[in-house]
2 protein chains.
Amino acid sequence: MALTQLTVVDTAVEILQQFGLADLSMRRLAKELDVQVGALYWHVKNKQELLAAVAAKLLNTPELAVRAEDFATPADAVLQLARKLYLALLPIQDSPEVIEVASAMQAGQLQPVLQLRSLLQDAGLSEEQSRFGQQLLLNHVLGSVAYRQNLVQLDVDSSESDGFDWGLQRAVAGLAG
Amino acid sequence: MALTQLTVVDTAVEILQQFGLADLSMRRLAKELDVQVGALYWHVKNKQELLAAVAAKLLNTPELAVRAEDFATPADAVLQLARKLYLALLPIQDSPEVIEVASAMQAGQLQPVLQLRSLLQDAGLSEEQSRFGQQLLLNHVLGSVAYRQNLVQLDVDSSESDGFDWGLQRAVAGLAG
DNA sequence: ACCTGAACACCGTTCAAGT
DNA sequence: ACCTGAACACCGTTCAAGT
C-alpha cells in the first residue's frame with residue numbers, strides 16, 4: 001500500500017472505527033502504515049486537517065442521503081435523515097468530536113448537513129432560518145450520540161432511551177410549525 | 001495557599017478560564033500550585049474527575065438560576081435560563097467539552113440542568129419527557145457554544161449570528177406545543 | 001519528491017521513598 | 001497524611017539529512 005493522502009485518511013478512519021479517537025494518534029497511524037511519523041506530514045498538513053478529512057469520509061456516503069420524493073413532506077425527510085445520521089455515528093467512538101472539528105473548518109463540505117439544510121428550505125424556511133434549523137438538528141444528533149457514548153464508556157446501564165427521537169420530533173415540529 | 005481539593009479545583013478553573021482546556025494539564029496545574037505532579041493525585045482521583053468538579057464549579061452558581069415567579073409562563077423561564085447558560089459558557093474556552101464530561105459522569109449534579117428539567121415539568125411535560133427535553137436544550141446550548149468558539153479559534157469572521165436564540169425559541173415552541 | 005532519524009517540548013499516571 | 005523524585009509509556013510537530 002503506497003503512502004498517499006488517501007491511504008493515510010483511510011487508515012485513520014479504520015483506527016477511529018475500531019479503537020476510537022484516543023488511539024488515533026499520528027504515531028499509531030504511522031506504525032499501522034509502516035512509516036516514520038514525519039512521513040505523514042508530507043501527505044497531511046496536521047492532525048486537525050486529517051480529522052476533517054476523516055469526518056468527510058465518514059459522512060459523504062450515499063447511505064447518508066435521503067430521496068426527498070420518498071416522503072410525504074419535507075419534514076418527514078428531515079426526520080429520516082437525522083435518524084440515519086444518528087444511527088451511523090452511534091457505533092463510531094467519539095464521532096461527534098470529529099464531526100464538530102470538520103463542520104467548523106469546512107462548513108459546507110459535509111453532504112448530509114447540506115441536505116438537512118436544503119430540506120428545511122423545502123419545508124418553507126428562509127435561507128438563514130434553514131441554516132439555523134440545521135444547527136439545531138445537528139446539535140441534537142451530535143449531542144445525543146455523545147451522551148450515549150459517554151454512558152457506555154463509563155459503563156452506566158444505558159438500556160434506557162436517550163430520548164433522541166422524541167426530542168428530534170419536537171424540534172422538527174417547532175421548526176416546521 | 002495550602003494544597004487541598006478546593007485549591008486544586010479552583011486553580012484548574014482559573015487556568016481553564018484564562019487559557020482554555022489545552023493548557024489545563026496536570027503538569028501545568030502542578031506548576032501553578034508549586035508542587036510536583038504526583039502531589040495532585042492525593043487530592044483528585046484523575047483528570048476526568050477534576051474536570052467534572054470544574055464543571056460543577058462553573059455551573060453551580062446562583063447567577064445561573066432563574067426565579068420561576070418572574071416569568072409569565074414556565075416556557076419563558078426555560079428560554080431565559082438557556083440564554084443565561086449560553087452567555088455564561090461562551091467566554092470560557094472549551095466549556096462544552098468540560099460540561100459534557102460532567103453531565104455524563106454525574107448526571108444529576110449540575111443545578112442549571114436540573115432546573116431546566118423541572119421547569120419543563122412545570123410546563124406540563126411528563127418526567128420522562130422533561131428529561132428528553134432537557135437533553136434537547138442542553139445539546140443546543142453546548143453545540144452552539146462549541147460552534148461559535150470553533151469559529152473564533154479558526155479566526156473566521158464570526159460577526160454573523162449562530163442562530164442560537166432562533167433555534168432555542170423553535171425548540172421550546174416544539175416542546176411546549 | 002518523498003522518507004528517515006532524531007530531536008523538541010510536551011502529556012497522564014504510578015509509586016517507592018522521604019517527612 | 002501528604003509530598004518529592006523519578007520513572008513509564010505516551011503525545012504533535014519540525015527538520016536536517018538521505019535517496
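A note on names: the letters A, B, ... follow the listed sequences, proteins ahead of strands, and every chain is numbered from 1. Only a predicted model underlies this, so the values are computations on that prediction, with no experimental measurement involved.
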Checklist line | Side chain B:H140, main chain B:A171, donor-acceptor under 3.5 Å | finding: no

Ring pair (Phe, Tyr, Trp, His ring centres under 6.0 Å) pairs touching residues 46-71 of chain A, sequence neighbours excluded, are none

Any stem touching DNA chain C, meaning at least three consecutive Watson-Crick or G-U pairs under 3.5 Å, ordered by first number, would be C:4-8 with D:12-16, C:12-16 with D:4-8

In whole angstroms, the gap separating C1' of C:dC11 from CD of B:Q48 amounts to 16 Å

note: B:L33, atom CG; D:dC2, atom P; distance rounded to Å ~ 16 Å

Whole-Å distance, A:L50 CG to D:dG12 C1', equals 12 Å

*Donor-acceptor contact below 3.5 Å, side chain B:K47 vs main chain B:L24*: yes

Looking only at side chains, do A:Q80 and A:R83 share a donor and an acceptor under 3.5 Å apart? yes

Checklist entry - Ignoring hydrogens and geometry, is there a side-chain-to-backbone donor-acceptor pair from A:Q149 to A:L90 under 3.5 Å? => result yes

The complete set of ring pair (Phe, Tyr, Trp, His ring centres under 6.0 Å) pairs with one or both residues in residues 94-128 of chain B, sequence neighbours excluded, reads none

Minimal heavy-atom distance between B:A146 and A:E100, with the atoms involved, is CB-OE1, 3.6 Å

What residues 38-45 of chain B contributes to the DNA chain D interface at heavy-atom separation below 4.0 Å is B:G38, B:A39, B:W42, B:H43

Ordered by number, residues from residues 16-32 of chain A within less than 4.0 Å of DNA chain D (heavy atoms) are A:S25, A:M26, A:R27

To the nearest angstrom, the CG-P distance between B:L3 and D:dA1 comes to 16 Å

- Query: Would a distance-only check, ignoring hydrogens and angles, find a side-chain to backbone donor-acceptor pair under 3.5 Å from A:K84 to A:V66?
  - Reply: no

Contacts of A:D23 meeting side chain to side chain donor-acceptor pair (under 3.5 Å) (sequence neighbours excluded), chain-then-number -> A:R28

Q: Take atom C1' in C:dC2 and the same atom in D:dA17, then report the distance between them in whole Å.
A: 13 Å

(Q) For B:S130, is there any backbone N or O sitting under 3.5 Å from a side-chain donor or acceptor partner on B:R117? (A) no

_B:Q36 vs D:dG5: side-chain N/O to OP1/OP2 distance below 4.0 Å_ = yes

One should read off an interatomic distance between B:L110 CG and B:N60 CG, to the nearest 0.5 angstrom, of 6.0 Å

Checklist entry - Between C:dC10 and D:dA9, how far is it from one C1' atom to the other, in whole Å? => result 14 Å

In whole angstroms, the gap separating C1' of C:dC3 from CD of A:Q5 amounts to 17 Å

